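Heads up, the thing below is written out as structure tokens.
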Number of protein chains: 2
Amino acid sequence: MTNIKDLAKMAGVSVTTVSRVLNNHPYVSEEKKNAVLEAIKVSNYFKNINAVHLSKGKTQLMGVVLPFSDHPYFAQLLKGIAKQALENNYKLVLIQTDYMERRELEALQMLKQKQIDSLIICSRTCDLSTIEEHLQFGSIVLCENIKGKKASSTFVNQYKVFFDALEYLYHKGHKKIGYCIGRKSGANSHNRELAYREFHEKYSLPYHPEYIIDKCLYFEDGDKVINQINKLDKPPSALLVTSDQVAAGIVICCQKQHISIPDEMAIIGFDNEPIAKMMNITTIEIPLLEMGKNLFLQAVNGDITNKELSVKLIERGTV
Amino acid sequence: MTNIKDLAKMAGVSVTTVSRVLNNHPYVSEEKKNAVLEAIKVSNYFKNINAVHLSKGKTQLMGVVLPFSDHPYFAQLLKGIAKQALENNYKLVLIQTDYMERRELEALQMLKQKQIDSLIICSRTCDLSTIEEHLQFGSIVLCENIKGKKASSTFVNQYKVFFDALEYLYHKGHKKIGYCIGRKSGANSHNRELAYREFHEKYSLPYHPEYIIDKCLYFEDGDKVINQINKLDKPPSALLVTSDQVAAGIVICCQKQHISIPDEMAIIGFDNEPIAKMMNITTIEIPLLEMGKNLFLQAVNGDITNKELSVKLIERGTV
DNA sequence: TTGTATGCGTTATCAA
DNA sequence: TTGATAACGCATACAA
């Protein structure tokens with residue numbers, strides 16, 4: 001396994017000169033350059049990138065923390081990040097956490113140990129303060145509103161989005177509105193709950209905790225939602241579903257059980273996934289690809305910014 | 001940023017000793033060990049992993065090449081790989097290719113440059129010979145039958161699976177059978193086409209090239225499939241669909257167009273995704289998680305094996 | 001335009 | 001049980 005020292009010997013130049021031609025640096029004569037190039041060719045040389053990393057203190061590697069990569073929301077986000085990474089000559093290290101804090105800490109550790117230059121945390125369970133402690137080792141970017149903090153972020157104003165959606169349903173005549181979320185904890189869910197509470201206060205509506213259905217992530221959870229609702233004395237007449245995937249599952253389940261949509265049950269999904277279009281589901285479009293792109297750029301850029309992305313209600317047939 | 005040299009000085013020992021306690025090596029007195037541990041604590045020390053990589057010539061990093069991470073098939077495969085990676089203390093570097101050869105070569109390059117120890121190629125477009133040239137730099141594992149070659153693989157016998165599925169439909173009375181695939185090229189698709197041809201020969205059935213529908217990957221492609229079939233004089237009465245995702249899209253589209261399933265159109269999906277269960281779609285279960293696990297283990301293991309995984313027909317309501 | 005010398009932070013070898 | 005020293009392979013400040 002030849003190295004630049006060998007190349008230098010072969011080409012009759014110094015290692016510096018070799019390094020120069022390898023990195024396209026100026027100040028090297030055609031003659032010597034060709035000698036080096038020739039040596040590279042005959043020796044079948046290639047860099048040991050780890051030596052470069054050590055020497056430079058950088059790896060061109062970005063960590064991406066997400067709970068599951070097989071959920072359309074995160075898959076789409078990842079796609080946006082990946083696209084931008086490619087353009088900027090970065091590679092992605094995937095850290096799937098299943099929301100286990102231990103794994104998030106591992107990602108932070110990688111930053112500390114210089115294995116990755118920066119870190120995108122798509123969703124977290126660990127403390128914000130823990131994250132802030134690691135900012136000294138590289139930039140960290142989040143997907144939630146952390147204005148005033150020392151890290152960057154790209155996010156959607158979940159409070160506003162949720163409140164607006166609730167009002168939209170209210171003005172369509174719905175007084176009993178429930179919602180489905182992926183997990184109860186988490187900053188975004190917290191904001192949604194806040195919006196939900198304040199919406200009910202604003203319109204003096206009775207607050208039903210049983211209208212909040214947790215752990216709705218995948219298509220097949222649609223069954224669960226409907227079964228749970230069927231048990232209620234007074235079931236909601238409308239549902240905000242924070243994933244089109246789940247919304248689609250609910251629609252399918254309603255069809256099976258002959259529950260008419262939107263008459264007996266109105267549904268608003270989230271994300272505007274292709275499945276929503278195909279199944280004619282009213283949804284709130286979240287620009288996930290753009291979000292991913294932004295996250296990446298913030299991560300490489302380094303200076304601290306907090307960008308709010310706007311969403312769009314797509315009116316279709318389920319409300 | 002303290003290093004082991006600093007630690008050695010602080011603890012009054014040699015760097016070797018420091019390295020020994022850092023790596024839990026034997027032959028270090030309690031006394032010195034504690035001194036080092038103390039130094040580590042007060043200095044807030046942590047390893048520079050890149051130096052370790054350079055020194056060891058290994059990175060505990062595995063590359064994963066896949067065309068798109070937002071497709072359920074690959075997402076599931078990735079999940080299986082990730083789970084096993086976690087257990088073996090490996091990190092994953094994701095290389096999304098969109099089937100661009102250039103990016104696959106980049107992954108191979110990473111292996112050459114020692115950035116990753118080994119590589120899993122979930123689907124490829126580059127030559128097998130190109131891959132074989134890189135086997136000298138680390139193990140490479142593929143998802144297709146390459147028995148007799150110098151790399152490892154875990155795969156499903158697509159020829160047999162397809163042939164069996166076609167016969168199943170035939171014995172259910174179908175003589176006009178079409179199929180939908182993700183892409184025409186690729187080893188797996190080639191085997192499927194072979195099975196399709198030979199099935200038609202075996203039963204002396206007319207071969208309709210227009211029954212083969214390409215570029216079916218996502219849910220929304222279901223629309224496309226039905227529209228394309230509607231244009232045909234003699235549409236097929238059954239469809240093999242190499243992704244439950246697409247199969248579900250087709251089912252939804254058929255509902256919209258009042259095409260009765262399975263009477264007017266029978267459908268067999270692939271993968272046994274949750275959506276297939278929920279929508280009662282007959283499908284061929286492919287053990288993707290197990291496949292991912294196997295791929296990973298083969299990659300770390302190093303010795304060359306070729307493992308065929310068996311599939312299972314799940315009979316439900318679409319045939 | 002070129003080369004020398006040193007640093008990057010570990011691990012591994014070998015002698016003590 | 002310990003430590004000095006040599007890798008590991010590249011980048012770069014500085015001198016020439």
Side-chain angles (χ1 to χ4, degrees), chain A residues 1-40 43-61 109-117 137-138, chain B residues 1-37 39-40 43-61 89 109-117 137-138:
Chain A
M1 216 123 290
T2 65
N3 55 28
I4 51 171
K5 215 167 172 180
D6 300 331
L7 287 181
K9 212 167 287 171
M10 293 170 68
V13 300
S14 71
V15 291
T16 313
T17 301
V18 174
S19 178
R20 284 202 182 94
V21 344
L22 282 175
N23 298 292
N24 286 318
H25 285 177
Y27 303 129
V28 40
S29 66
E30 275 304 308
E31 185 191 9
K32 302 217 170 192
K33 185 173 178 175
N34 289 332
V36 173
L37 256 24
E38 180 62 21
I40 290 173
S43 66
N44 190 30
Y45 165 84
F46 41 85
K47 275 191 199 180
N48 181 323
I49 205 82
N50 292 315
V52 178
H53 292 166
L54 174 59
S55 186
K56 290 201 164 178
K58 292 273 167 199
T59 58
Q60 295 285 112
L61 236 43
Q109 177 93 342
M110 288 176 76
L111 196 64
K112 213 176 182 179
Q113 301 195 337
K114 291 175 169 297
Q115 183 158 23
I116 52 180
D117 293 347
F137 306 114
Chain B
M1 213 124 291
T2 65
N3 55 29
I4 50 171
K5 217 168 171 176
D6 300 330
L7 288 182
K9 213 168 285 172
M10 293 169 70
V13 298
S14 70
V15 291
T16 312
T17 301
V18 174
S19 179
R20 283 200 182 97
V21 344
L22 282 175
N23 297 291
N24 286 318
H25 283 176
Y27 302 130
V28 38
S29 65
E30 274 304 307
E31 185 192 9
K32 302 215 171 195
K33 186 173 178 176
N34 289 330
V36 172
L37 256 24
I40 290 175
S43 66
N44 191 28
Y45 165 86
F46 40 85
K47 275 190 197 179
N48 180 324
I49 204 82
N50 292 315
V52 179
H53 292 166
L54 174 59
S55 187
K56 289 201 164 179
K58 293 274 167 197
T59 59
Q60 295 287 107
L61 236 42
N89 197 30
Q109 178 93 343
M110 288 176 77
L111 196 63
K112 214 175 179 177
Q113 300 194 338
K114 291 175 172 297
Q115 184 158 23
I116 52 179
D117 292 346
F137 305 115

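Quick caveat, the model's predicted, so the values are computed rather than measured. Throughout, a chain's letter reflects where its sequence line sits, starting with A, and its residues are numbered from 1.
- As judged by a 4.0 angstrom heavy-atom cut-off over every strand, A:Val18 is placed among residues making no nucleic acid contact.
- For B:Thr17 and D:dG3, the shortest distance from a side-chain N or O to OP1 or OP2 is below 4.0 Å.
- The side chain of B:Tyr45 places an N or O atom within less than 4.0 Å of a non-bridging phosphate oxygen (OP1 or OP2) of C:dT10.
- At D:dT12, none of the side-chain N or O atoms of A:Lys56 fall inside 4.0 Å of OP1 or OP2 (strictly under the cut-off).
- Spacing between atom CG of A:Leu7 and atom P of D:dA11 amounts to 11 Å, rounded to whole angstrom units.
- Proximity of B:Asn50 to the phosphate of C:dT10: no side-chain N or O atom is located under 4.0 Å from OP1 or OP2.
- Between A:Lys58 atom NZ and C:dG7 atom P there is a gap of 22 Å when expressed in whole angstrom units.
- Side-chain nitrogen and oxygen atoms of A:Ser19 include at least one within less than 4.0 Å of the OP1 or OP2 phosphate oxygen of D:dA11.
- Without hydrogens or angle criteria, A:Asn23 side chain to A:Arg20 main chain gives no donor-acceptor distance under 3.5 Å.
- For the residue pair A:Ser19 and A:Thr16, no side-chain donor N or O sits within less than 3.5 Å of a side-chain acceptor on the partner.
- Neither OP1 nor OP2 of D:dT1 sits under 4.0 Å from any side-chain N or O of B:Lys33.
- Contact annotation: A:Ser55 does not reach the phosphate of D:dC10 (side-chain N/O to OP1 or OP2, under 4.0 Å).
- Closest to the A:Tyr27 side chain, of the nucleotides C:dT1, D:dT2, C:dG3, is C:dT1.
- Within the nucleic acid shown, A:Thr16 comes within 4.0 Å of at least one base atom, counting heavy atoms only.
- Listed nucleotides D:dG9, D:dA11, C:dT11 differ in distance to A:Leu54; the shortest reach to its side chain belongs to D:dG9.
- For the pair A:His25 NE2 and C:dG3 P, the interatomic distance rounds to 16 Å; values are reported in whole Å.
- Taking all atoms of both residues into account, the shortest heavy-atom contact from B:Lys114 to A:Asn50 is O-ND2, 2.8 Å.
- Per the geometry, CG belonging to A:Asn23 stands 16 Å off C1' belonging to D:dA13, to the nearest Å.
- The side-chain heavy atoms of B:Ser43 and B:Asp6, taken from C-beta on, include no pair separated by under 4.5 Å.
- Each of B:Arg20 and B:Asn48 was assigned the nucleotide of DNA chain C with the nearest heavy atom; the assignment lying further toward the 5' end belongs to B:Asn48.
- A:Ser55 places no side-chain N or O within donor-acceptor distance of the main-chain N or O of A:Ala51, the cut-off being under 3.5 Å.
- Side-chain N/O atoms of B:Lys47 include one lying less than 4.0 angstrom from OP1 or OP2 on C:dT11.
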